[in-house]
Each structure stands twice: as structure tokens, then as C-alpha cells.
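Notes follow the structure.
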Amino acid sequence: MTIRTRFAPSPTGYLHIGGVRTALFNWLLTKRLGGQFVLRIDDTDSERNRPEALTPILEGFRWLGIQWDEGPEVGGPHTPYFQSGRLELYQKAAISLLEQGLAYPDYMTKEELDSDRKLADNQKRAYIHRGPLRDNSKDDNLIRYRKNPAPIRLRIPENKTLLVDDLICGRCVQDSNLVGDPLILRADGRALYNFASVVDDISLGITHIIRAREHLSNTYAQTVIFEALGTSMPKFAHIPVVNEPKSKKKLSKRDMAKFVTVEVRAKLNSVGFTDEEISNRDDLNPATVAYYRELGYLPEAIVNYLARLGWSLDDKTEFIPIPEMIAHFSLERVNDSPASFDPDKLFWLAGEYMKILPMDKKIAGCLPFLKRANLIQDDPNPQTRALVESIISAAGERIKLFSDIIALARPFLKSTIEIQPQAQEKFLKTPGTAEMIRSFLEKVEMANPFDSTTLDHCLHEFCREKDLKPGKLVQPIRVALTGTSVGFGLFDTFAILGRDESLARIAAAILISG
RNA sequence: GGCCCUAUCGUCUAGAGGCCUAGGACGUAGCCCUCUCAAGGCUAAGACUCGGGUUCGAAUCCCGAUAGGGUCACCA
């Protein structure tokens with residue numbers, strides 16, 4: 001029997017980092033063992049459900065390369081893969097439990113429940129719900145329900161030890177007397193997540209349920225449902241949660257707004273997002289995948305990073321391409337304790353993947369960022385493309401994120417450069433600089449051909465003649481050519497700019513300098 | 001509060017009783033290389049939560065304390 005796993009997101013409008021990791025572990029195990037990975041949409045809560053909120057999730061997974069074998073848009077033998085389209089299934093299952101006396105209708109009002117809960121709270125004990133009809137005869141319960149439909153609750157058996165054999169947590173036990181009777185179906189026939197989830201897992205033939213640790217305590221009640229529905233238990237693996245950076249708190253979907261700090265906002269601004277867009281889109285947030293995509297992170301880096309968050313290949317390997325990951329992934333090497341999300345390490349990994357990215361892919365990745373920054377046209381002509389290529393090539397390993405191209409390429413794609421005030425002060429305004437640049441300009445004008453080798457030779461010769469350290473000349477020239485004191489090799493810079501533009505910029509700098 | 005889970009450098013981790021004077025990685029600091037930056041090379045600081053056992057021997061097993069987290073919804 002092949003394994004079947006699933007990931008069941010609710011359509012929230014964004015793909016959460018923690019969720020992706022859970023999905024990834026499911027996917028990796030499935031690929032490793034050769035089975036099907038199912039995407040199922042948990043949209044039972046109609047209030048929260050917006051159809052357009054699904055697209056970002058699907059797009060996110062596709063971008064990451066995590067392809068589902070069954071689910072929305074790809075279909076499969078168990079269509080539909082939306083819980084909203086499977087309501088009948090849950091209703092049937094709930095009624096069948098009712099008929100067997102394993103569930104009962106509960107006519108308690110919200111007010112009654114609330115006051116019971118409050119009472120328990122005041123007495124500092126856990127509230128364990130037991131509806132009045134749980135021990136009533138099943139026939140009578142059925143008659144009452146038919147006459148007057150009410151919410152249906154599962155009848156948790158008394159004095160039993162509920163057992164979850166977890167692939168990661170080991171054998172976990174819970175006294176059934178400490179588990180309240182969970183609601184499984186609302187009076188209007190809509191199922192609740194914990195019930196719908198089990199019914200679907202059974203109907204979809206899910207063999208391994210890999211999910212976040214926070215679901216472990218739900219699992220005890222779910223084991224009762226599995227048993228009541230007459231199927232064998234799937235294998236459970238409750239993976240540790242992802243914590244906030246440098247924190248012991250869960251990286252939660254609630255309260256995500258706090259991650260949009262001034263630094264985050266500045267990064268988003270720098271790739272062209274307005275403050276308005278940032279506040280209107282809830283996926284422009286470091287807790288979502290879209291954020292990293294918009295900043296130009298390579299998807300492979302995110303997958304690699306997330307896989308290593310809680311899982312390790314061995315005692316030293318950090319860089320693990322996806323095929324390798326699939327070949328070696330195992331639940332045995334998933335850690336037992338929560339892990340904090342570390343943006344710094346993700347950033348480093350993004351750079352590592354960028355280093356090995358072929359040039360054509362690098363160009364393809366950079367172009368959209370240049371367009372968004374209005375540095376090139378929508379449909380760049382061959383000359384522009386060639387220029388961009390030479391810039392990317394000269395930038396080398398300075399590009400870690402695609403968005404890095406914006407700052408790096410700006411001096412070459414704009415006809416007028418802005419000279420940074422500090423750079424101007426430090427490298428152009430110092431005494432004697434104007435004269436030095438002027439005489440260097442005279443020498444450079446003679447350079448023929450105007451290429452790296454000749455210019456390199458020319459500069460070193462000049463420095464020897466004037467008894468100058470190359471650095472003393474290079475920095476002012478760099479500022480003259482690009483407006484900043486950091487950038488790529490000076491001769492690459494000359495070569496990209498070309499003779500005329502280079503000479504013009506140096507001449508302009510002499511005026512500023514002198 | 002009840003119940004459950006977890007506990008190695010700031011962070012991610014290796015470690016399944018002797019290979020551990022605890023290894024790697026990110027980050028940090030310093031040095032080297034160098035036309036700046038990036039990359040690269042070298043070096044440094046930096047951890048077994050605490051207390052009891054078990055054992056010839058414990059980061060590793062057991063118990064307890066402590067701390068953190070999760071969960072107790074007509075949310076998913």
C-alpha cells in the first residue's frame with residue numbers, strides 16, 4: 001500500500017510559513033516513499049471563506065515547487081477537494097454515529113454552555129462538557145433529533161485511556177474523562193473541523209497525518225471518531241511548531257501585523273511597494289511565503305531552509321537541494337522541540353542558491369524587478385537585455401536576492417546619477433582630488449581599446465607615475481561613475497558604461513569636486 | 001487553572017552510556033586577501049536548565065524541580 005498524505009489549509013489569502021513547513025514535511029515523506037500528496041481545502045467555516053483567498057495559497061505552493069497529486073485544479077478520484085462541497089458526507093457520518101448511539105443531540109443553549117464554562121473556570125478546573133442526552137437511549141435521541149435538529153456531539157467513552165502512537169512524540173496517552181464531548185455537526189448541518197477532517201481523512205484514504213504539534217490534544221478525541229466510524233487509525237506525526245524569530249512563542253497567524261516593522265516596510269518600499277499596498281495586502285508580511293517571493297528570494301532556498309527547521313540530514317549538511325532532500329527525508333530525524341524561524345539563515349541560504357543559479361535564470365529573475373523599479377521597459381530590446389546581462393555578470397555574487405539588482409543596476413540604467421552625499425564628501429571633496437581626477441581623465445581618454453585590460457594597465461601605470469595607492473584613485477573614480485562608493489570591480493564598471501559615458505561622468509565629477 | 005508536550009552555543013542543529021577537553025551551520029568579532037563592497041581563507045567568543053538517582057562511567061537512562069510551549073470554541 002502506498003502512502004497518502006494531505007495538507008488541509010483554510011483559504012486565508014496567504015500562505016503561512018509555518019503551514020508551508022508542515023505541507024513540506026508531508027510532501028517530502030510522500031515523495032520519498034512514493035505515494036500521493038493531497039491538498040484539501042478546509043473551508044467549512046463559511047464566514048471566513050472567500051474563494052479568491054485560495055489563489056495565493058495555490059500559487060505559493062506551485063512557486064515553491066510543492067506540487068499536489070490530488071486537489072484543487074488538478075482533480076483526482078475523490079473530487080471535490082473542498083470541504084464545503086462534502087457536507088453531505090459529514091452529515092451522513094454524524095447521523096450514523098447518532099444511530100449507533102455514539103453521538104447525541106445537544107439542546108443546551110449558548111448561555112447555558114457559557115455559564116457552565118464560567119463555573120468551571122471559577123472552580124479552577126478544566127471544563128469538560130457532557131450533554132444531558134449523552135446517556136439517553138439512541139432511539140429516543142434519534143426521534144428528538146428528527147423532530148428538532150440540534151448540534152450533534154460525539155460521546156466520549158468514560159474511563160478509557162485514549163492512546164495516540166505518534167511517530168515523533170512517541171506513545172501519548174490521555175484519560176478520556178478529561179476530554180469533553182466535542183461538537184461534530186452544527187444544527188444547520190455544517191460540520192466542525194475536527195470531525196470533517198477525520199471523515200475526509202477516512203474517505204480520502206489518508207495513511208499518514210503529519211501536522212503541527214498544536215493538534216496533538218485534538219487527536220485524542222479524533223481517535224474516538226476514527227474508531228466510531230469503524231476504520232483503523234492512520235499514522236500520526238505531530239511535528240513541533242515554528243516559533244517567532246529569537247522567541248519561544250509560536251509563529252502565529254493571529255497578530256501577524258507586528259512583523260511589518262519599519263525595516264520590513266523599508267525593504268518592501270525599496271522594491272516598489274507603496275505604504276498603501278503594504279497595509280492593504282496581508283500577504284506582504286514576513287510570516288508569509290509571498291513576502292519572500294516579492295523580495296526576490298529563490299524558492300529552493302525557502303524549501304531548503306524550512307526543511308532544515310526541525311529536520312536535519314546529518315551533523316553538518318545545510319545546503320540540501322530538493323532531490324537530495326527527497327532521497328533522505330525521514331520522520332526519525334525530525335526534532336522533538338520547537339524551532340525559531342531565523343530570517344538571517346534563510347537569507348544566507350538564498351545567497352547560496354543564487355550563486356549556483358545559471359545566468360539565463362538569473363536574468364529572467366532580475367528583469368521583473370528592474371521593470372517594477374522603472375529602470376527598463378516592459379519589453380526590453382536586445383541591447384537593453386545585453387546591458388542587463390553584463391550588469392548581472394559583473395555583479396557576480398553580490399546578488400543574493402533578485403531585488404538586489406535594483407540598487408546595483410540603477411547607476412547603469414539611468415542617464416543621470418545621484419551622488420550619495422557621504423560618498424561625495426569623503427571621496428570627491430577632499431583636497432587635491434579634482435586635480436588627480438583631471439589628470440587621470442587625460443590618461444584614460446587615450447586608452448585604446450577601452451576595455452578592462454587596457455584600463456587596468458592604464459590605472460596602475462598612472463598610480464606608479466604619481467606614486468599613488470590604487471585605492472586612493474579607485475574610490476573617487478567609482479563615486480564619479482556610479483555615485484556610490486560600493487559597487488563591483490572598477491574596470492567592469494568602465495566596460496559596462498562604455499567610453500563616452502565613463503568620460504562624461506568623470507568630467508562631471510571634476511566640476512563637483514573642484 | 002486542568003491536561004499534554006518540550007528542554008545542547010543568541011538561533012538552527014549533531015549527539016541513541018565511554019569516540020564529547022560536546023561537532024557543524026547562521027549570526028557576531030578579529031585577521032588575511034583586495035580598487036570599495038560582495039565572495040573566499042583563517043581565528044575567536046559562545047551551550048548540555050537545575051537537583052537527585054542508576055552506572056566503573058551520563059548531554060545521552062530514571063525521578064523531581066524549574067522554565068517554556070501547546071491545548072481546553074457552534075475557529076481551522
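Every chain is numbered from 1 and lettered A, B, ... according to where its sequence line falls, protein lines coming before strand lines.
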(message) Whole angstroms only, please: what is the NZ-C1' distance between A/Lys469 and B/C33?
(response) 15 Å

(message) Distance to the ring centre below 6.0 angstrom and angle to the axis at most 45 degrees; does that hold for A/Arg333 and A/Phe329?
(response) no

(message) Let's see if you can work this out: which of B/A73, B/A39, B/C3 has an atom nearest to the side-chain heavy atoms of A/Tyr127?
(response) B/A73

(request) Could you tell me whether the side chains of A/Gln83 and A/Asp42 share a donor-acceptor contact shorter than 3.5 Å? (result) yes

(message) With a 4.0 Å limit, can you tell me whether A/Arg398 has a side-chain N or O closer than that to the phosphate oxygens OP1/OP2 of B/A39?
(response) no

(message) Of the listed nucleotides (B/C12, B/A76, B/C3), which one gets closest to any side-chain atom of A/Asn218?
(response) B/A76

(request) Choose from B/G1, B/C4, B/G10 the nucleotide whose nearest atom is closest to any side-chain atom of A/Asp342. (result) B/G10

(message) For the P atoms, the ones on B/C5 and on B/G64, what distance do you get once it is rounded to whole angstrom?
(response) 12 Å

(message) Looking at B/C42, which nucleotide sits across from it as a Watson-Crick or G-U wobble partner, both distances under 3.5 angstrom, or is there none?
(response) B/G30

(request) Take atom C1' in B/A65 and the same atom in B/U28, then report the distance between them in whole Å. (result) 35 Å

(message) Checking A/Tyr127 against A/His129: is there a side-chain donor and acceptor pair closer than 3.5 Å?
(response) yes

(request) Consider the side chain of A/Gln174, meaning its heavy atoms from C-beta on, and name the nucleotide among B/G2, B/C35, B/C4 that approaches it most closely. (result) B/C4

(request) Report the relative orientation of the aromatic rings in A/Phe440 and A/Phe494; use parallel for angles under 30°, tilted for 30 to 60°, perpendicular for over 60°. (result) tilted

(request) Indicate whether OP1 or OP2 belonging to B/A14 is found under 4.0 Å from a side-chain N or O atom of A/Asn335. (result) yes

(message) Categorize A/Val173 for me: base, sugar-phosphate, or nothing, with a 4.0 angstrom heavy-atom threshold over every strand shown.
(response) sugar-phosphate

(request) Hey, which sits more toward the 5' end of RNA chain B by its nearest nucleotide, A/Pro9 or A/Arg117? (result) A/Arg117

(message) Counting only Watson-Crick pairs (N1-N3 plus N6-O4 or O6-N4) and G-U wobbles (N1-O2, O6-N3), all under 3.5 Å, who is the partner of B/U36?
(response) none

(message) Distance check, P atoms only: B/C48 and B/A22, in whole angstrom units.
(response) 11 Å

(request) Please name all residues satisfying salt bridge (Lys or Arg N to Asp or Glu O under 4.0 Å) with A/Asp336, sequence neighbours left out, ordered by chain then number. (result) A/Arg213

(request) For B/G40, take OP1 and OP2 only and decide whether either is under 4.0 Å from a side-chain N or O of A/Lys355. (result) yes

(message) Taking the C1' atom in each of B/G40 and B/G23, what is the distance between them to the nearest angstrom?
(response) 23 Å

(request) Please work out whether the ring planes of A/Phe491 and A/His460 are parallel, tilted or perpendicular, with thresholds of 30° and 60°. (result) tilted

(request) Check every atom of B/C26, B/C74, B/A76 against the side chain of A/Leu183 and return the nucleotide holding the closest atom. (result) B/C74

(request) With the side chain counted from C-beta on, respond yes when A/Tyr291 and A/Val264 share a heavy-atom pair under 4.5 Å apart, and no when they do not. (result) yes

(request) Find the partner of B/C50: check Watson-Crick (N1-N3 plus N6-O4 or O6-N4) and G-U wobble (N1-O2, O6-N3) distances, both under 3.5 Å, and reply none if neither fits. (result) B/G64

(request) On RNA chain B, check which nucleotide each of A/Leu178 and A/Pro151 is closest to and give me the residue with the more 5' one. (result) A/Leu178

(request) State which of B/C5, B/U13, B/A25 makes the closest approach to the side chain of A/Cys172. (result) B/C5

(message) Heavy atoms only, 4.0 Å cut-off, all strands: where does A/Lys400 land among base, sugar-phosphate and nothing?
(response) sugar-phosphate

(request) For A/Lys110 and B/C74, give me the distance from atom NZ to atom C1', rounded to whole Å. (result) 6 Å

(message) Taking the basic N atoms (NZ, or NE/NH1/NH2) and the acidic carboxylate oxygens, is any pair closer than 4.0 Å for A/Arg171 and A/Asp166?
(response) no

Determine all donor-acceptor pairs shorter than 3.5 Å in which one atom belongs to a side chain in residues 461-469 of chain A; sequence neighbours excluded.
residue  : atom : partner  : partner atom : Å
A/Glu461 : OE1  : A/Lys443 : NZ           : 2.7
A/Glu465 : OE2  : A/Lys443 : NZ           : 3.2

(request) Please determine if a side-chain N or O atom of A/Arg40 lies less than 4.0 Å away from the OP1 or OP2 oxygen of B/A76. (result) no

For nucleotides 63-70 of chain B, give me every protein contact, N/O to N/O, under 3.5 Å, one pair per line with atom names.
residue : atom : partner  : partner atom : Å
B/G69   : OP1  : A/Lys249 : NZ           : 2.9

(message) Using the P atom as the point on both nucleotides, what is the distance between B/A16 and B/A7, in whole Å?
(response) 16 Å

(message) Quick check: A/Tyr353 with A/Phe319 (ring centres under 6.0 Å apart)?
(response) yes

(request) Using the P atom as the reference point in each nucleotide, state the distance between B/U43 and B/G10 in Å, no decimals. (result) 22 Å

(request) Using both distances under 3.5 Å as the test, list the Watson-Crick or G-U wobble partner of B/A14, or none. (result) none

(request) Determine, for nucleotides 16-24 of chain B in 5'-to-3' order, which nucleotides have protein heavy atoms under 4.0 Å from the base (write B), from only the sugar-phosphate (write S), or from neither (write -). (result) -------BB

(request) State whether A/Ser485 places a side-chain N or O below 4.0 Å from either non-bridging phosphate oxygen (OP1 or OP2) of B/U36. (result) no

(message) Please encode protein proximity along nucleotides 41-48 of chain B as a string of B, S and -, counting only heavy-atom distances under 4.0 Å.
(response) --------

(request) Residues of residues 402-410 of chain A with any non-hydrogen atom less than 4.0 angstrom from an atom of RNA chain B: list those, numerically ordered, please. (result) none

(request) Could you check which nucleotide pairs with B/C72 in any of the strands shown, counting Watson-Crick or G-U wobble with both distances under 3.5 Å? (result) B/G1

